Amino acid sequence: MKIVHLIAGIALSATPSLAEETTQLDAHEHGVGQLNIAFDENKVAMELHAPGADIVGFEYGAKSDVDLAAIDAALQTLSDPLGLFLLPEAASCIVITAHAKLESEDSDHDDHDEEGHDDHDEEGHDDHDEAPGHTEFHAEYLLECANLTEMSAITFSYFEIFPNALELEVQVISDKGATAFEIERDVAKLDLRGIF
Ligand SMILES: [Zn+2]
């Protein structure tokens with residue numbers, strides 16, 4: 001498992017802004033997610049950040065069964081990287097680990113005290129409708145590929161699965177350094193020839 005930390009370390013040091021991002025969810029742009037891909041020998045480490053708006057279509061704290069089910073389903077889907085990011089079969093990749101979670105910026109100040117506010121005058125004067133918080137889905141994957149040299153391209157079915165997602169800012173890290181790409185839903189394919 002050391003290699004996981006090694007790859008994660010590489011990815012983080014190459015993109016210092018990512019570290020801040022998790023604590024500043026309000027800085028994210030709806031429709032735009034981030035994907036880091038680090039290649040190291042026969043391992044591929046991937047890290048995905050996507051606004052809740054992109055994945056489930058909302059970012060409020062889910063309370064209804066429907067919304068909670070949507071989040072559960074999204075976490076399931078996000079736990080299957082090979083369903084989101086189609087890799088060439090010849091690369092022979094398998095998933096070693098996959099984790100997905102939902103991060104909320106207001107998870108730690110959720111409790112409003114509502115005692116003593118019985119007098120609701122007319123409608124629309126709830127003074128506890130705070131600014132909507134943002135949420136973000138975060139997933140980390142580690143893959144192992146028997147033939148990484150066959151990794152010629154990645155096709156993003158991510159955009160078919162999540163219709164609200166418009167773009168992924170992709171950073172690819174390999175022996176040759178870091179390369180940035182913008183993958184949009186119109187051309188949901190990343191050409192990796194020349195990366196290795
Ligand atoms: Zn947001």
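No hydrogens, no waters, no symmetry mates; every other heavy atom, side chains included, goes into these values. Ligands are counted one by one from 1 in listed order, and the atoms in each one are counted from 1 as well. What you are looking at is a predicted structure, and each value in this text was computed from that prediction instead of being measured.
In this structure, His99 has its ring center no closer than 6.0 Å to that of His138.
Thr155 places none of its side-chain heavy atoms less than 4.5 Å from the side chain of Phe85.
With hydrogens and angles disregarded, a donor-acceptor distance shorter than 3.5 Å links the side chain of Arg185 to the backbone of Ala165. Side chain of Asn147 to main chain of Ala90: a donor-acceptor pair is present (N/O by atom type, distance under 3.5 Å, no hydrogens or angles).
Taking the Zn ion (ligand 1) as reference, the nearest N/O/S atom within Glu59 carries the name OE1. His134 has its closest N, O or S atom to the Zn ion (ligand 1) at the position named ND1.
Coordination check, Glu136 versus the Zn ion (ligand 1): failed, since every N/O/S atom of the residue sits at 2.8 Å or beyond.
Draw a line from the Zn ion (ligand 1) to NE2 of His30 and another to NE2 of His28, and the angle between them is 110° (to 10°).
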